[in-house]
Amino acid sequence: DIPSFTLNTGAKIPSVGMGCWQGQQGAGRDNELVSALLTAIKVGYRHLDTAQFYANEEEVGQAVRESGVPRSEFFVTTKMSPAAVKDPVKEIDSSLSKLNIDYIDLWLMHWPQGLTSTDMSSAQAFGLENQKDLGPTFNETWAKMEDIFLNTHRGKVKAIGISNFSPKNLEILLRTAKVVPAVNQIEAHPYLPDQELVDLCKEKGIHVTAYSPLGQYNSPIHKDSDLEQIAKAHDTTTANVALSWAVQRGTSVAPKSTNEKRMKQNITLLKLSDAEMKTIDAISKDPKRSTRLNVSAYNKQTKRVIGWTLEELG
Ligand code: A2P
C-alpha cells in the first residue's frame, strides 16, 4: 500500500497519485489513456488526478470501472474549470456524469485566475469576453462549492479544495470561507519549493498536493547535480529522490507517467537523511535553479484574477 496523508475531512489521500493531464504531447482522450491508467492501477496507483480542463474524465472513470478494484479503494480528484465559475452546479453534475463512479473524492477550483484581455479567443471560450465583467469573485464561487459539498450534492463530493492559490489568494478566500479547503494543489518541486505557501497551508489545516513534481518534459531536475549525488548514494534516480523529498516534507505528489517502469519508480519512495533533505531544500536558493517548470501559459500570462483586480490582490 502507498502511504497516505489525512485531510481535514478525515479522509486519506495517497501520497503518490497519477497526474492525468496529457498535455500537448500526450495520449489525450482515447484508449491509450485508459490502458495507461489500467497499468498505473495495476502497479498500485489509487489516486487519479483529472480535471474538466483535461477533457478526459470519461477515460478516468472508465479505467476505475474496468480495473476490478473496488471504488472505495480509489481517491479520484477532479477540478472545476474557470469556464464554470458562474455555474458550479452544472459543472459538478457534468463531472459526476462523465466520471460515472458514484462520487468524487476531491473537487478543486482549478485556478483563482481569470483571463487576459488580450487572450480574446480563450476569453470567449470562458464566457468572460466582456472585460468589464470580472465574473464572480473566487469567494462567491467557493460559497457555491460549499453549498454543493454541504447540501445539494452531499456525499457525492467528499471534499472540496483549491488549486494554484497563492498565500494572498488564500488569505482572501479564508476571509469568507465557511469550509476550509481540504487541499491546495500547486506546482512544486525542488526548483520551486514554495515553502512559505506550504507552511501557511499546513498552519490552516490545508493539505498540499504538488503537481509537476518532476517538472515537465526535458526537466533539468533529472540532471541536477545535487539530486544526482543523492540518487547515486541510494542507487536510484533523481526523479525518485525529488519525489521522496516532496513526500517527506509533507506534500503528496501527482507525477504523470505513461511508462510502467517509471510509474513503479515513482511510487517506491526512499527515506532521505536530514542532511539530504537540507541539501534539496537549498537547491532553489541558487537563482539558476529557482524556476517554474510547468509550461502552463495560463498561470504565467494571467493578468487578473476572477472577480478581483491585481491591485486588490497585491
Ligand atoms: P513519461 O510519461 O514518458 O514517463 P508532468 O509534469 O505533467 O507530471 O510530466 C512529468 C514528465 O516526466 C512526463 O513527461 C513523464 O514522461 C516524465 N517522467 C515521469 N516519471 C519520470 C521518471 N521517474 N523519470 C524520468 N521522467 C519521468
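Keep in mind the model is a prediction, meaning the values are calculated, not measured. Note that these values count all heavy atoms, side chains included, but never hydrogens, waters or copies made by symmetry. We count ligands from 1, going down the list as the structure has it; atoms in each ligand are counted the same way.
- Residue contacts with ligand 1: G215 is included, with a non-hydrogen atom under 4.0 Å away.
- At a heavy-atom distance under 4.0 Å, only side-chain atoms of A239, from C-beta outward, approach ligand 1.
- Looking at Q265 against ligand 1, only its side chain comes within 4.0 Å, counting heavy atoms.
- With a 4.5 Å cut-off on side-chain heavy atoms, N240 and L269 count as touching.
- By the 4.0 Å heavy-atom criterion, N266 is counted among the residues contacting ligand 1.
- Heavy atoms of L214 found under 4.0 angstrom from ligand 1 belong exclusively to the side chain.
- Distances from atom 2 (O) of ligand 1 to the heavy atoms of N259, T258, L293, N218 show the closest one on T258.
- With ligand atoms numbered from 1 in the order given, ligand 1 contributes 5 (P), 6 (O), 7 (O) to contacts under 4.0 Å with heavy atoms of Q216.
- Closest heavy-atom approach to atom 5 (P) of ligand 1 within the set A36, S212, C20, G19: this belongs to S212.
- Applying the 4.0 Å criterion to heavy atoms of H222 picks out, from ligand 1, the atoms 24 (N), 25 (C), 26 (N).
- H47 and T77 are linked by a side-chain donor-acceptor pair at a separation below 3.5 angstrom, with hydrogens and angles left out of the test.
- With rounding to the nearest 0.5 Å, the separation of CG in D194 from CZ in R292 is 7.0 Å.
- Looking at D49 and K79, a side-chain N of the basic residue comes within less than 4.0 Å of a carboxylate O on the acidic one, giving a salt bridge.
- Checked by distance only, ligand 1 and K256 come closer than 3.5 Å through their nitrogen or oxygen atoms.
- The closest side-chain donor-acceptor pair between S166 and N169 falls under 3.5 angstrom.
- Side chains of E57 and S95: a donor on one and an acceptor on the other come within 3.5 Å.
- Considering only heavy atoms from C-beta on, I162 comes within 4.5 Å of N184 through its side chain.
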